[in-house]
Amino acid sequence: MCGIVGYVGYDKAAPLLLKGLEKLEYRGYDSAGIAVCNENAIQVTKSKGRLKILSDLTKEGQTLPGNIGIGHTRWATHGVPSVINAHPHLSELKKFAVVHNGIIENYIPIKEKLLKAGKKFVSDTDTEVIAQLAEFYYDGNFFETIKKVLSTLEGSYALAILCDDYPDEIIVAKKNNPLIIGVGVNENFVSSDITAVVSRTKNIIRLNDGELAVIKANDIKIYDSNYNEIKRDPFVVDWDICTSEKCGYDHFMLKEIMEQPLAVKNTIGPRIQNGKIVLDDINFTKEELNNINKISIVGCGSAYHVGCVAKYIFESLLRNPTEVEISSEFRYKNPLIDKNTLVIAISQSGETADTLAAVKEAKKLGAKVLSIVNVVGSSIAAESDSVLYTWAGPEISVATTKAYSTQLTIIYLLAIYMAEKLSKITASEYEFYISEIQNLPVQIEKVLSHKDVVKDLAQKFYNAKNVFFIGRNIDYAVALEGALKAKEISYIHSEAYAAGELKHGPISLIEDGSLVVTLATKEDLFEKMISNIREVKARGAVVILITNERPEDINEVSDFNIFIPKVCEIMRPSLAVVPLQIFSYYIALLKDCDIDKPRNLAKSVTVE
Ligand code: F6R
C-alpha cells in the first residue's frame with residue numbers, strides 16, 4: 001500500500017526522501033514521486049515503476065535543491081499506475097503539493113465543484129482534489145486553509161502537504177491511516193511507517209485520528225480534532241538498524257523465517273513468570289471469562305489462518321464454541337455476537353482496513369474485543385478493549401512468516417491461560433503446556449536447521465503448475481497457510497483441502513505427476529491421512545509428507561518425508577508451517593520471483 005515520507009531540516013531533502021521511500025518499498029507500490037520546496041517554488045519529480053527510476057532521474061536526489069520535501073510510493077486505487085497519477089499532486093498554480101494515503105470518498109462532488117469554478121485537473125486520482133481545494137480556499141494562511149480543506153473531506157487519509165509560501169513547514173493530518181512524526185535534532189520527519197525514519201531518529205510521535213500537526217525543523221505543533229494545541233512526548237523505539245535491513249540475507253523473507261525462534265521467544269518471554277502465564281494486558285476475572293459464551297475470531301489472509309488454527313485449540317482446550325471469519329465477510333454479515341462474545345482480532349500491521357472495520361462493528365454490537373497485533377499503537381490496537389502484542393519486530397517482507405508464528409504463540413498462551421483460569425485443565429497439564437511453550441523456540445530452530453532438505457525438494461518441484469495441500473483438523477488449518485505461501489510468493493496455483501473432502505470433488509484434479517503436500521501431525525488421524533495419501537498416489541500424485549519424527553517405519557507410502565520434532569499437539573502448527581514457508585521461498589528464488597514484493601500485493605492493506 002502507499003507510503004509517505006517527509007523531511008524538514010538543514011540537509012538536502014531529496015536524497016533523504018529517496019532513502020526513506022526505499023524503506024517503504026516493501027509495502028508494495030507501482031509508482032513514486034518527491035516534491036521539494038526551494039526559494040518559494042515547489043519542484044516535483046515522479047516516475048512509474050521501481051524507485052531506482054526516480055533515483056536515476058534525480059541523480060539520487062542531488063539535482064533537486066531544498067531542505068524541505070515530501071515523497072510517496074503509490075499503490076493504485078483511483079486511476080491506473082502512471083506518472084500523472086503518481087503523488088505528489090500539485091494544485092493548478094503549483095502553490096500546494098500533497099501526498100496522501102487512503103481514499104477520499106467525496107472526491108467526485110468536490111472535483112465537479114472545482115471544475116465548475118474553472119480549475120483544471122490532470123490526474124484521475126482522488127488525491128488531486130486535496131491540492132486543488134487548498135488552492136481554491138487559500139487566503140494566505142496555510143494552517144487555516146488546511147483546516148477548511150479537512151472539514152470538506154470525507155473518507156480516510158494520512159496527508160503531508162507543502163505550500164510554496166511557507167518554505168519551512170509541512171502540515172500533516174490523519175484519519176484512519178497511520179502517520180508518525182520522527183523527532184530529530186534540527187530536523188524532523190514524517191512517515192506512514194517508522195521504518196522510514198529509524199536510521200535518523202528513534203524518537204517517534206504517533207498522530208491520532210482527527211489530529212493535525214505543523215512541522216518545522218526545530219518545532220512541532222500538534223492539534224486535536226478541535227484544533228486545540230496539545231502536547232505529546234515522543235516514545236523511543238528500541239529497534240536497531242538491523243531489524244529493518246537485510247543484514248546479510250538475500251531477502252527479508254528468508255531473514256524473517258530465520259528470525260522465528262527469537263521472535264517467538266520474545267513473544268513468550270515476559271509472559272511467563274514463576275511458571276505461570278501472566279497476561280497483564282488483558283486481566284479478565286474468572287467471572288468475566290465464565291461469561292464468555294462464544295469466541296469469534298477475525299482476520300485477513302494469514303492472520304485468518306492463525307484464527308483457523310485457534311478455533312481447533314480453543315474448542316479442544318476450552319470446549320467453547322469458536323467461530324473464525326474473514327474480516328471482510330464479518331463486517332457485512334450482521335454478525336451474531338453480543339456482550340458475552342469475546343472477539344479476537346488478529347493483525348500484524350494493526351491497520352488492515354477490513355479488520356479495523358470488523359473491530360468497530362464488534363464493539364458497536366457490545367462484544368469485548370481483544371486484538372493480537374504486532375505494531376504498537378496501531379489503529380486496531382487503539383480501537384480494542386485489550387491488546388496482546390506479538391513481539392516479532394518489524395516485518396518487512398510482504399509475505400508474513402514471523403508475525404504468523406508469533407500470532408500462533410499468543411493463541412497458545414491465551415488458550416492455556418484461559419483453560420487454567422476456567423479449570424478446564426489440571427495443574428499438571430498446565431505445567432506441561434508451559435514447559436512445551438518455553439521449549440518452542442528451540443524446536444523451531446531444529447526445523448530450520450534442516451532447511452536444505454526442503455531446499456532440495458524445491459529444486460525438484462519448482463516447475464510444478466499446481467500444488468495441493470491437504471491435512472485434517474489443525475493440520476488442515478496449516479495447509480491453508482502453505483497454499484497461500486505457494487500462491488503469493490512462488491506464483492504456483494495451489495489449493496488447500498481438508499483431506500476428507502478430497503473424494504467429494506477435488507480428487508478429480510489429481511493426475512499423473514500432481515504434487516500433493518500432506519500434513520499429518522496428529523496420531524489419532526495418522527492412519528486416515530495414510531489412506532488419503534494412498535488415494536492420491538493411486539491416481540498418479542507425487543506426495544511430500546510432513547509428519548512428526550517417528551522411529552518406526554512409516555510404510556514408505558509417501559515419496560518424500562519431512563520430519564518435525566514431536567511437541568504437544570496444539571503447538572505442532574508452529575513447526576509444520578516452517579517447511580512450507582521455506583519450500584515457497586526456494587521455489588520463488590528458483591523462479592526468479594520478486595520475493596519480498598510479490599506482484600499486486602501490499603504489506604499493509606489500508607483500503608477496503
Ligand atoms: C500473507 C499475508 C497477508 C496478511 C493479511 C493481513 O503472507 O501477509 O495475507 O496476513 O493481509 O494483514 P495484517 O496481519 O497486517 O492484518
Side-chain angles (χ1 to χ4, degrees), residues 1 3 26-28 75 176-178 192-193 195 251-254 256-257 260 263 297-310 324-331 344-360 369 371-384 387-390 392-408 410-411 469 477-478 480-492 494 496 577-578 580-585 588 593-608:
M1 290 276 116
Y26 78 95
R27 296 167 67 99
W75 192 84
N176 286 337
N177 261 265
S192 46
D193 196 322
T195 37
H251 298 96
F252 281 110
M253 183 176 177
L254 185 59
E256 289 161 5
I257 288 174
Q260 289 180 108
I297 305 174
V298 292
C300 303
S302 298
Y304 165 75
H305 295 157
V306 171
C308 295
V309 173
V324 51
E325 195 96 46
I326 292 168
S327 308
S328 55
E329 290 296 314
F330 179 94
R331 63 183 290 194
I344 302 179
I346 307 177
S347 174
Q348 186 285 129
S349 61
E351 301 295 345
T352 300
D354 283 320
T355 306
L356 180 60
V359 167
K360 289 181 178 166
V369 178
S371 61
I372 299 175
V373 167
N374 195 40
V375 178
V376 175
S378 52
S379 307
I380 291 173
E383 277 292 326
S384 306
V387 189
L388 286 171
Y389 283 109
T390 48
E395 190 177 62
I396 307 293
S397 167
V398 165
T400 181
T401 52
K402 63 176 180 170
Y404 173 91
S405 290
T406 53
Q407 288 162 356
L408 282 182
I410 295 278
I411 293 294
F469 293 81
V478 180
L480 290 167
E481 178 62 6
L484 180 60
K485 285 284 157 292
K487 281 185 194 103
E488 62 177 346
I489 303 304
S490 359
Y491 309 152
I492 298 184
S494 53
V577 76
V578 174
L580 302 179
Q581 298 167 339
I582 299 172
F583 189 57
S584 287
Y585 171 79
C593 301
D594 195 350
I595 297 181
D596 286 333
K597 293 178 275 271
R599 67 184 175 212
N600 306 335
L601 293 180
K603 182 66 182 162
S604 164
V605 184
T606 49
V607 291
E608 199 179 334

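Residue indices begin at 1 and follow the sequence shown. The shown structure was predicted, so the numbers you read here are calculated from the model rather than taken from an experiment. Both counts, for ligands and for their atoms, begin at 1 and track the order of listing.
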Practice task
Could you tell me which atoms of ligand 1, counted from 1 in the order shown, lie closer than 4.0 angstrom to a heavy atom of V398?
Solution key: 8 (O)

Handout entry: Nearest-neighbour protein heavy atom for atom 14 (O) of ligand 1, which is reported as residue plus atom name and distance
Key = Q348 N, 2.6 Å

Problem - Contacting atoms of ligand 1, where contact means under 4.0 angstrom from a heavy atom of A399 - result: 7 (O)

Practice task
Could you list the atoms of ligand 1 found under 4.0 angstrom from a heavy atom of E488?
Solution key: 1 (C), 7 (O)

Practice task
Only heavy atoms count here, so choose which of C300, G301, S302, A353 is nearest to atom 2 (C) of ligand 1.
Solution key: S302

Handout entry: Expected output: side-chain N374 to main-chain A392 donor-acceptor under 3.5 Å
Key = yes

Practice task
State, yes or no, whether a side-chain contact exists between Y585 and I489 at a heavy-atom distance under 4.5 Å.
Solution key: no

Handout entry: Shortest protein heavy-atom distance from atom 13 (P) of ligand 1, along with the residue and atom involved
Key = T352 OG1, 3.2 Å

Exercise for the section: For the residue pair E351 and S379, confirm or rule out a side-chain donor-acceptor distance under 3.5 Å. Expected result: yes

Fill in the blank from the handout: for atom 11 (O) of ligand 1, nearest protein heavy atom and its distance come out as V605 CG2, 4.4 Å

Problem - Contact (N/O only, under 3.5 Å) between E481 and ligand 1 - result: no

Practice task
Using non-hydrogen atoms of the residue, decide whether E351 is closer than 4.0 angstrom to ligand 1.
Solution key: no

Problem - Salt bridge flag under 4.0 Å for residues D354 and R331 - result: yes

Handout entry: Sub-4.5 Å side-chain heavy-atom contact between L601 and E488
Key = yes

Problem - Which of the ligand 1 atoms, numbered from 1, are nearer than 4.0 Å to a heavy atom of S347 - result: 13 (P), 14 (O), 15 (O), 16 (O)

Completion exercise
shortest atom 15 (O) of ligand 1-to-protein heavy-atom contact is with S349 OG, 2.6 Å

Exercise for the section: Determine whether the aromatic ring centres of Y404 and H305 lie less than 6.0 Å apart. Expected result: no

Problem - Side-chain donor or acceptor of T406 paired with backbone N/O of A403 under 3.5 Å - result: yes

Exercise for the section: Assess the side chains of T401 and Q260: does a donor N or O sit below 3.5 Å from an acceptor N or O? Expected result: no

